[in-house]
Amino acid sequence: MALHRQILAAERPPRYLIAVLPHYGLADQLVGIITLFYWAFLTGRAFQISTGGQPLPPLEAAFDAPFVNWTRPAGDPPVLTEHLHLKYKGEMRYPAMHPAVPNLSEYGSMRLINGFYDFLSTENLSTIPEVEDNKSVLFMTSNRGCTQRIFNNPHYSQKLYDVGLRPETAFACAFRFLFAPSQVTRSAPGWQLAKSRLHPPPNANDSMTEGQDPSSKPENVLRIGIQIRVGDRVYRSHTDDVQFEDYMPYFDCARTIERHKRTSETTKVVWYLVSDSQRLKEKALERFGPDLLVTSTQPNTHVAHTQPKDLEEADKIMTGLGSAAADMLGLAESDYFVVTQNSGFGRIGALLSGRWNHIWSLSSESNERLMCRPADYVRLEDMASTWSGV
Ligand SMILES: *[C@@H]1O[C@H](CO)[C@@H](O)[C@H](O)[C@H]1NC(C)=O
Ligand SMILES: *[C@@H]1O[C@H](CO)[C@@H](O)[C@H](O)[C@H]1NC(C)=O
Ligand SMILES: *[C@@H]1O[C@H](CO)[C@@H](O)[C@H](O)[C@H]1NC(C)=O
Ligand SMILES: *[C@@H]1O[C@H](CO)[C@@H](O)[C@H](O)[C@H]1NC(C)=O
Ligand SMILES: *[C@@H]1O[C@H](CO)[C@@H](O)[C@H](O)[C@H]1NC(C)=O
């Protein structure tokens, strides 16, 4: 925090790492941003986040900055960020010189999209992208995570342990350091529902209603988060017609986990379902009734699949980002998780809960039936090195 403040106040030489949002969904954005945050932290740079001039909702729509102000002020010339855009066709690096930026040699950039970036767990990051470490400002973009594998890096593992970080909590710690839910996110249904239904009031008297036994203890709720990603087709077409039976394995899995995780203390079991499909949520409600919580039956928007056409539309996308963040943070309040394998949304929510061996992951494509027995949970190491990483 001190370093960040001093660099911004020009009390130290300018050393910045700026994460440019990748044109992907919120989960992939967060996975990349948090890895880049560690890069900045480990190499002594102030950390900022920018849309880089892309038509994407800024993260400020969903998150406040509780400890360091990561807002990159507007005004960076396009040449500094445009080659990091997903659809950019030209050379993926800076030209030798450019009239808009006479000191272009002070800037470096990197694009870490869709790869497995093994150097993060082996190299001295101060020597990347330039051996000399003499670039004042780095613009980087990533949709890949390395917050666990970076603990394998001999240059940094001691420092990470010394400040109290651990591989299984590093992602959640950095997230809570950078982000707190904004007003928009806190008023979204996903947040409200989690707050009121996943956390029974600690003092049973607070929720006392007529006729209740005044000596009754507060509920001991076992909370199972379920995230089902149906697929991008729910955003593209107006028909959101799911075959409910196709998704029964998720609910069967939740039932199995419920059986082996409930104890004699458990007084109530609640399932918290998030999904991109409104129809699936409606059908699940019909099927499982009041102890199944669903966030909302409003149509979803996916940040990377919607283009703001006018101001009103842009406003909707901002609110859309807030509700996505609220669903993710609401999901994070669960104890155990059943998530869709090839989707970042559920796994990020689950990781933000900061728990241990608590995730079961189902593939929507494969016919293989996961049993969801106690030992069938996903190992965090495996999660860290597959798909988008962590
Ligand atoms: C954070 O930084 C931005 C950009 O410099 C500035 O506009 C904003 O007011 C700052 N926020 C706070 C809370 O200081
Ligand atoms: C490059 O020059 C511009 C214009 O003078 C200045 O605002 C900017 O801070 C400089 N960048 C670096 C990294 O020194
Ligand atoms: C950084 O180091 C390289 C290689 O020594 C040099 O060519 C370049 O001018 C240096 N850049 C700055 C901004 O000092
Ligand atoms: C990384 O390399 C830089 C520049 O060569 C050096 O100053 C620094 O001590 C190295 N850091 C680590 C953690 O090895
Ligand atoms: C709840 O209310 C009862 C009756 O008013 C009171 O005796 C008890 O101390 C309260 N419990 C707590 C935890 O405040």
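Every number for a ligand or one of its atoms is a count from 1 in the order of the listing. For the numbers below, each heavy atom of this structure counts, side chains included, while hydrogens, waters and symmetry mates do not. Residue numbers start at 1 and run along the sequence shown.
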Legend entry - Proximal atoms of ligand 2 relative to Glu106 (non-hydrogen, under 4.0 Å): 13 (C)
Inset, instruction - Would you please test Arg149 and Leu120 for side chain to side chain contact (heavy atoms under 4.5 Å, CB included) and show each step? - result: CA-CA 7 Å; Arg149 282 181 291 137; Leu120 283 155; 5.9 Å; no
Inset, instruction - Would you check if the distance from the ring center of Tyr38 to the ring center of Tyr156 is below 6.0 Å? - result: no
Legend entry - Atoms of ligand 2, numbered as shown, that sit under 4.0 Å from any heavy atom of Val137: 13 (C)
What are the distances between nitrogen or oxygen atoms of ligand 4 and protein nitrogen or oxygen atoms, counting only those under 3.5 Å?
residue: ligand 4; atom: 2 (O); partner: Asn124; partner atom: ND2; Å: 2.2
residue: ligand 4; atom: 11 (N); partner: Asn124; partner atom: ND2; Å: 3.1
residue: ligand 4; atom: 14 (O); partner: Asn124; partner atom: ND2; Å: 3.4
residue: ligand 4; atom: 14 (O); partner: His155; partner atom: ND1; Å: 3.2

Legend entry - Atoms of ligand 2, numbered as shown, that sit under 4.0 Å from any heavy atom of Ser136: 13 (C)
Inset, instruction - Please determine if Asn69 has a nitrogen or oxygen closer than 3.5 Å to a nitrogen or oxygen of ligand 1. - result: yes
Inset, instruction - Linking directly or through intermediates, with side-chain heavy atoms under 4.5 Å: list the remaining ILVMFWY members grouped with Leu3, chain and number order. - result: Ile7, Leu8, Tyr16, Ile18, Val20, Val79, Leu80, Leu84, Tyr94, Val101, Leu104, Tyr107, Val137, Phe139
Legend entry - Subset of ligand 2 atoms that lie under 4.0 Å from at least one heavy atom of Asn103: 1 (C), 2 (O), 3 (C), 8 (C), 10 (C), 11 (N), 12 (C), 14 (O)
Legend entry - Straight-line distance of Lys268 NZ to Arg223 CZ, nearest 0.5 Å: 13.0 Å
Inset, instruction - State if Tyr16 counts as touching ligand 2 under the rule of any non-hydrogen atom under 4.0 Å. - result: no
Inset, instruction - First locate atom CD of Gln183, then atom CZ of Arg186, and finally report the distance between them rounded to the nearest 0.5 Å. - result: 4.5 Å
Legend entry - Check: Cys253 main-chain N/O paired with Trp360 side-chain donor or acceptor under 3.5 Å: no
Legend entry - Modelled atom types, side-chain donor and acceptor of Trp271 and Glu258, under 3.5 Å: yes
Inset, instruction - Step through the shown structure and confirm whether more than 12 heavy atoms of other residues, nucleotides or ligands are within 6.0 Å of CD on Gln6. - result: yes
Legend entry - Heavy-atom donor-acceptor pair, Ser334 side chain to Tyr336 backbone, under 3.5 Å: no
Legend entry - Where ligand 1 meets Pro73 - atom numbers and elements under 4.0 angstrom, heavy-atom basis: 4 (C), 5 (O)
